[in-house]
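Below: the structure, in structure tokens.
The basis for the numbers below is simple: all heavy atoms, side chains too, and nothing from hydrogens, waters or symmetry mates.
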Amino acid sequence: MVDNKFPGKDITENDIKEKFPLCAKKNQNHYSKFDVEGIEFGGNIIPVMAGPNMVESKELILDVASNVKKIGAHFLRGGAFKPLSFPYRSEKFNETREQGIEWLRMAKNDFKIPIITEIMEVKYLELISGVADILQIGSRNMQNYPLLTACAQTGKPIMLKRHYGASLRDWLGAAEYILYEGNSKLILCERGVSIPHTHRSTSRFALDLQVVPAAKEITHLPIVVDPSHATFWRPWINSMSLAAVAAGADGIMLEVHPDPDNSAVDPLQPINYKHFSELMYKMDTVAKSIYNRNILQ
Ligand code: PEP
Ligand code: MN
């Protein structure tokens with residue numbers, strides 16, 4: 001069915017009514033607001049989720065938790081179960097799995113910082129939802145519908161990352177599976193899309209900032225931007241994070257590591273504590289001046 005409201009766009013009025021009515025805004029000013037562990041999404045704060053790519057060790061995650069909390073991060077991120085692109089592992093490049101989940105629990109208890117961590121398989125749902133305040137569904141699992149449904153049924157807040165090849169329409173279709181289960185604490189996350197490698201070899205993905213206003217035209221769901229996975233390249237983190245806030249992002253996810261060059265996974269993308277602290281201040285300035293929203297509390 002072709003309609004006139006969004007002429008030439010791949011999302012039609014009919015999609016909004018019949019394919020993802022629960023994702024769709026009921027009116028122009030309809031934006032979801034909800035609380036996760038005392039932190040509001042879609043409100044005056046723009047929550048920041050910071051931490052290492054991987055929960056490498058107990059020492060690392062406790063150190064990062066303590067530092068990012070002090071600097072002003074709202075959530076600690078870190079994967080214990082990782083969707084690594086290649087099957088090879090080494091002593092350093094190895095998921096910490098159940099042990100990593102335990103270390104996240106320690107970090108959460110010691111530093112009173114809520115946790116977001118990735119869930120890849122339904123069989124680990126009980127274990128991971130025991131510590132996660134937000135269940136992260138990674139880009140590679142965006143359309144793993146049984147996983148989406150099982151996560152939604154826990155009632156836990158969920159962050160659904162966009163697959164790097166997915167249209168907004170397919171992303172919202174996946175989001176609808178979560179809302180359909182009656183779970184309304186859902187956050188979208190843009191983490192870069194695949195493009196031809198136009199800039200340099202590190203341009204594996206490009207941050208699709210345009211999807212922020214595009215999503216906000218259609219859906220009431222808050223949208224987080226992850227410049228770390230999108231750029232894969234530390235020198236571009238500041239510009240893309242500031243641009244994401246300016247574009248209207250409702251949250252920012254950033255990889256932070258005390259010794260980025262020695263990060264076990266993706267060492268080109270994390271920023272160190274000093275860099276993170278300076279960037280938090282800059283993002284706060286942008287958020288305040290454009291939207292009267294805050295990053296630092
Ligand atoms: C991550 O956030 O650790 C991650 C693996 O991200 P993505 O699913 O976007 O690649
Ligand atoms: Mn990664």
Side-chain angles (χ1 to χ4, degrees), residues 25 29-51 64-65 67-78 111-117 132-136 157-162 171 175 184-192 207-231 236-256 269-271 273 275-297:
K25 290 163 74 171
N29 300 317
H30 177 201
Y31 292 108
S32 274
K33 261 193 204 184
F34 54 83
D35 173 287
V36 180
E37 296 299 299
I39 296 145
E40 192 175 57
F41 280 85
N44 289 330
I45 292 283
I46 300 179
V48 173
M49 306 158 167
V64 176
N67 280 281
V68 299
K69 165 106 193 204
K70 246 185 273 165
I71 293 166
H74 306 84
F75 291 86
L76 176 67
R77 67 142 282 144
F111 301 103
K112 308 284 173 258
I113 183 164
I115 304 290
I116 173 164
T117 194
D133 297 287
I134 302 176
L135 294 169
Q136 174 171 323
I158 294 173
M159 188 170 89
L160 179 65
K161 288 189 123 183
R162 178 191 186 186
W171 192 14
S184 57
K185 293 197 170 184
L186 176 59
I187 303 152
L188 300 173
C189 177
E190 157 61 24
R191 48 78 70 223
L207 185 58
D208 180 10
L209 279 182
Q210 225 166 266
V211 87
V212 177
K216 282 170 181 284
E217 251 173 38
I218 310 284
T219 182
H220 55 88
L221 295 168
I223 173 163
V224 164
V225 171
D226 173 354
S228 300
H229 281 85
T231 62
W236 297 346
I237 295 292
N238 277 20
S239 49
M240 292 300 100
S241 302
L242 296 169
V245 175
D250 298 297
I252 300 288
M253 172 170 261
L254 282 169
E255 277 187 18
V256 177
Q269 74 197 28
I271 55 175
Y273 300 142
H275 186 158
F276 178 56
S277 173
E278 289 164 2
L279 179 56
M280 287 290 273
Y281 179 78
K282 290 178 181 150
M283 289 193 296
D284 187 57
T285 306
V286 173
K288 278 193 174 71
S289 63
I290 303 180
Y291 297 107
N292 202 19
R293 294 172 98 184
N294 302 298
I295 288 188
L296 296 169
Q297 275 166 304

- Message: Using modelled atom types and a 3.5 Å cut-off, is there a donor and acceptor pairing between side-chain atoms of S289 and backbone atoms of T285?
- Response: yes
- Is a side-chain N or O of D226 found less than 3.5 angstrom from the main chain of S228, in a donor-acceptor match?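 Yes; judged by distance alone, with no hydrogens or angles, the pair exists.
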- Do E37 and H74 pass the side chain to side chain donor-acceptor pair (under 3.5 Å) test, and can you show the C-alpha distance, the side-chain angles, and the key distance before you say yes or no? CA-CA 10 Å; E37 296 299 299; H74 306 84; over 6 Å; no
- Message: Which residues pass the salt bridge (Lys or Arg N to Asp or Glu O under 4.0 Å) test with K33, not counting sequence neighbours?
- Response: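 Once residues adjacent in sequence are excluded, K33 has no partner under the salt bridge (Lys or Arg N to Asp or Glu O under 4.0 Å) criterion.
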- salt bridge (Lys or Arg N to Asp or Glu O under 4.0 Å) partners of K216, counting only residues at least two apart: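 If we apply the salt bridge (Lys or Arg N to Asp or Glu O under 4.0 Å) test to K216, skipping adjacent residues, the hits are D250.
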Checking [X] now: which residues fulfil side-chain contact (heavy atoms from CB on, under 4.5 Å) with it, not counting sequence neighbours?
X	value
A243	L209
A65	L76, A107, F111, I113
P157	V36, I134, K185

- Item | Pairs flagged by salt bridge (charged side-chain N to carboxylate O under 4.0 Å, His left out) wherever residues 237-247 is involved - sequence neighbours left out | none
- Do any pairs count as a salt bridge (charged side-chain N to carboxylate O under 4.0 Å, His left out) and have a residue in residues 277-292, sequence neighbours left out, and if so which ones?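 For residues 277-292, and leaving out neighbouring residues, the salt bridge (charged side-chain N to carboxylate O under 4.0 Å, His left out) pairs sorted by first residue read K274-E278, D284-K288.
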Pairwise side-chain contact, [X] with [Y], heavy-atom cut-off 4.5 Å (strictly under):
X	Y	answer
E190	V224	no
L242	M283	yes
I271	E255	no
R191	V225	no
I290	V245	no
L221	I187	no
V211	I223	yes
L160	Q136	no

Heavy atoms only: give me the nearest [X]-[Y] pair and the separation to one decimal.
X	Y	result
P213	A247	CD-O, 4.2 Å
T117	A132	CG2-CB, 4.0 Å
G51	V64	CA-CG1, 3.8 Å
F75	I115	CD2-N, 4.4 Å
I237	T231	CD1-OG1, 3.4 Å
W171	K161	NE1-C, 3.9 Å

- Task: Mind running side chain to side chain contact (heavy atoms under 4.5 Å, CB included) on L254 and S241 for me, showing each step along the way?
- Result: CA-CA 9 Å; L254 282 169; S241 302; 3.6 Å; yes
- Going by the side chain to side chain donor-acceptor pair (under 3.5 Å) test, which pairs reach into residues 38-49, not counting sequence neighbours?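 As it turns out, there is no side chain to side chain donor-acceptor pair (under 3.5 Å) pair with a partner in residues 38-49 once direct neighbours are skipped.
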- Query: With D208, which residues qualify under side-chain hydrogen bond (donor to acceptor under 3.5 Å, both in side chains), at least two apart?
  - Reply: R162
- Task: Please identify each residue that fulfils side-chain hydrogen bond (donor to acceptor under 3.5 Å, both in side chains) with Y31, with sequence neighbours left out.
- Result: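 Residues passing side-chain hydrogen bond (donor to acceptor under 3.5 Å, both in side chains) with Y31: K25.
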- Message: I'd like to know whether M280 forms a side chain to side chain contact (heavy atoms under 4.5 Å, CB included) with I295, so could you lay out the CA-CA distance, the side-chain angles of the two residues, the decisive distance to 0.1 Å, and finally the verdict.
- Response: CA-CA 7 Å; M280 287 290 273; I295 288 188; 3.9 Å; yes
- Task: Kindly assign one of parallel, tilted or perpendicular to the pair H30 and H220, based on the angle between their ring planes and the thresholds 30° and 60°.
- Result: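 Because their plane-to-plane angle is under 30°, the rings of H30 and H220 count as parallel.
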- Task: Report the distance from atom CD1 of I46 to atom CD1 of I252, rounding to the nearest 0.5 Å.
- Result: 7.0 Å
- Query: Roughly how far, to the nearest 0.5 Å, is CE of M49 from CD1 of I116?
  - Reply: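 One finds 4.0 Å between CD1 of I116 and CE of M49.
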- Query: What residues, two or more places apart in sequence or in another chain, satisfy ring-ring contact (aromatic ring centres under 6.0 Å, His included) together with F276?
  - Reply: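 Listed in chain order: nothing, the list is empty.
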- Message: Could you walk me through whether M159 and L135 satisfy the side chain to side chain contact (heavy atoms under 4.5 Å, CB included) test, starting with their C-alpha distance in whole Å, then the side-chain angles of each, then the deciding distance to 0.1 Å, before giving a yes or no?
- Response: CA-CA 6 Å; M159 188 170 89; L135 294 169; over 6 Å; no
- OH of Y291: more than 12 outside heavy atoms within 6.0 angstrom?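 Atom OH in Y291 is crowded, with more than 12 foreign heavy atoms closer than 6.0 Å.
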